[in-house]
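Numbering of residues begins at 1 and proceeds along the displayed sequence.
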Amino acid sequence: STKTNCKGEYTFPDPSNALCIENLQVVSECISKVNQPQILEPKCSKLSPKPNNLWDWSPLSENYIDILTSKPQVSGPWCRNHNYLFSYIWANDKTVRNALHVREGTIEEWERCNNSLSYAHDLITSIDYQRNLTKIGLRALIYSGDHDMVITYVGTQGWINSLGLPIEDGWRPWFVDGQVAGYVTTYSEKKYSLTYVTVKGAGHTAPEYKPKESLAMIDRWFAGYLL
């Protein structure tokens with residue numbers, strides 16, 4: 001009923017369309033406990049744990065569960081965000097900063113997600129820019145984890161299809177070590193070529209979830225080989 005009542009408009013629905021608004025509220029409730037970056041993993045705090053507050057454990061903190069530092073009697077689900085602890089340790093290490101030529105005093109502490117930047121989201125779609133690129137002799141690779149609900153692979157496939165590019169190589173599986181690693185479609189028009197790849201079992205940042213398959217994908221594409 002959501003599809004029928006909202007007529008395909010889910011991001012900016014008509015506020016006067018009561019049936020659509022009601023349907024969207026039901027949908028939001030249904031997915032509220034789903035981890036949208038990877039739908040099969042447990043939903044965790046949005047914040048990444050930091051070294052300086054991991055040692056000061058508190059059950060009232062949003063970051064209170066960590067597989068590396070939790071007390072034995074404290075149980076809780078594994079959370080991918082816990083792995084990001086190592087990025088803080090690495091990026092804030094003085095030797096690493098020197099190697100990256102980070103000038104001393106310019107950055108106090110590295111943050112994985114910098115929420116201090118102030119800007120307005122005023123660009124609803126970039127499809128027109130993508131369409132302009134199809135007029136240039138470029139090779140493009142677009143990939144999506146098929147377990148990502150933040151930017152779903154069917155949504156990506158939808159806007160690619162809206163470009164109206166002829167299909168050169170239809171939807172088919174691609175393999176790594178004899179196992180299906182996802183599916184691929186190749187589009188081409190004149191000197192422009194676009195390869196669209198799904199990565200099986202991957203979430204929002206595909207290489208994070210499926211590093212071996214993602215490396216095989218990019219290696220083959222850079223080398224000009226078929227996936």
Side-chain angles (χ1 to χ4, degrees), residues 2 10-11 24-97 99-100 102 107-119 121 141-157 176-177 179-183 197-218:
T2 305
Y10 312 114
T11 306
L24 290 177
Q25 289 174 343
V26 173
V27 170
S28 295
E29 183 177 348
C30 286
I31 65 175
S32 62
K33 295 184 179 180
V34 175
N35 179 41
Q36 296 193 22
Q38 217 292 358
I39 60 174
L40 297 184
E41 292 188 355
K43 187 173 183 179
C44 313
S45 166
K46 291 183 179 179
L47 297 177
S48 301
K50 299 180 183 179
N52 60 347
N53 62 18
L54 282 173
W55 316 119
D56 185 20
W57 180 85
S58 168
L60 300 179
S61 168
E62 284 190 282
N63 302 321
Y64 73 96
I65 299 174
D66 190 275
I67 56 174
L68 298 178
T69 58
S70 293
K71 297 180 180 179
Q73 66 269 26
V74 178
S75 61
W78 169 85
C79 174
R80 179 168 293 273
N81 287 12
H82 301 157
N83 294 356
Y84 301 148
L85 163 66
F86 300 106
S87 65
Y88 283 92
I89 296 174
W90 180 83
N92 287 306
D93 183 86
K94 187 174 181 179
T95 303
V96 173
R97 289 188 169 211
L100 295 176
V102 178
I107 302 295
E108 292 185 4
E109 182 186 29
W110 178 85
E111 295 280 350
R112 179 172 171 267
C113 296
N114 187 350
N115 296 318
S116 66
L117 299 176
S118 178
Y119 61 93
H121 293 270
L141 172 67
I142 298 174
Y143 61 89
S144 290
D146 66 3
H147 281 50
D148 173 22
M149 205 166 76
V150 177
I151 301 177
T152 64
Y153 78 92
V154 290
T156 301
Q157 190 176 35
V176 174
D177 294 340
Q179 299 293 319
V180 175
Y183 292 84
V197 184
T198 67
V199 183
K200 187 174 182 290
H204 185 59
T205 47
E208 178 182 359
Y209 297 88
K210 293 292 181 178
K212 181 170 70 173
E213 291 81 357
S214 298
L215 179 60
M217 171 189 68
I218 197 72

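Although no hydrogens or angles enter the test, the distance criterion places no donor-acceptor pair under 3.5 Å between the side chain of Thr152 and the main chain of Met149. Checked by atom type and distance alone, the side chain of Gln38 pairs as donor or acceptor with a backbone atom of Gly201 at under 3.5 Å. Under a 3.5 Å cut-off, the side chain of Asn92 and the backbone N or O of Tyr88 do form a donor-acceptor pair. Looking only at distances, no side-chain donor or acceptor of Arg80 sits under 3.5 Å from a matching main-chain atom of Lys43. Between the side chain of Asp177 and the backbone N or O of Gln179, no donor-acceptor pair lies under 3.5 Å.
When all heavy atoms are compared, the tightest approach of Arg97 to Ile107 is NH1-O, 2.7 Å.
Distance OG1/Thr198 to CD1/Ile142: 13.0 Å, rounded to 0.5 Å. To the nearest 0.5 Å, the span separating CG on Leu24 from OG1 on Thr11 amounts to 9.0 Å. A distance of 5.0 Å separates CH2 in Trp90 from CG in Leu100, rounded to the nearest 0.5 Å. For the atom pair His204 NE2 and Ile39 CD1, the distance stands at 14.5 Å (nearest 0.5 Å).
Evaluation of the side chain to side chain donor-acceptor pair (under 3.5 Å) rule for Gln36 yields no partner, not counting sequence neighbours. In this view, Ala206 and Tyr143, Val199, Ala202, Ser214 satisfy the side chain to side chain contact (heavy atoms under 4.5 Å, CB included) rule, not counting sequence neighbours. Residues passing the side chain to side chain contact (heavy atoms under 4.5 Å, CB included) test with Asp146 are Tyr153, Lys200, sequence neighbours excluded. By the side chain to side chain contact (heavy atoms under 4.5 Å, CB included) test, Pro211 pairs with no residue at all, sequence neighbours left out. Qualifying side chain to side chain donor-acceptor pair (under 3.5 Å) partners for Thr205, counting only residues two or more places apart in sequence or in other chains: Glu208. The side chain to side chain donor-acceptor pair (under 3.5 Å) check on Thr156 picks up Ser144, with sequence neighbours excluded.
Other residues, nucleotides and ligands contribute more than 12 heavy atoms inside 6.0 Å of the CG atom of Leu215.
His147 has its side chain out of reach of Tyr209: every pair of non-hydrogen atoms, C-beta onward, lies at least 4.5 Å apart.
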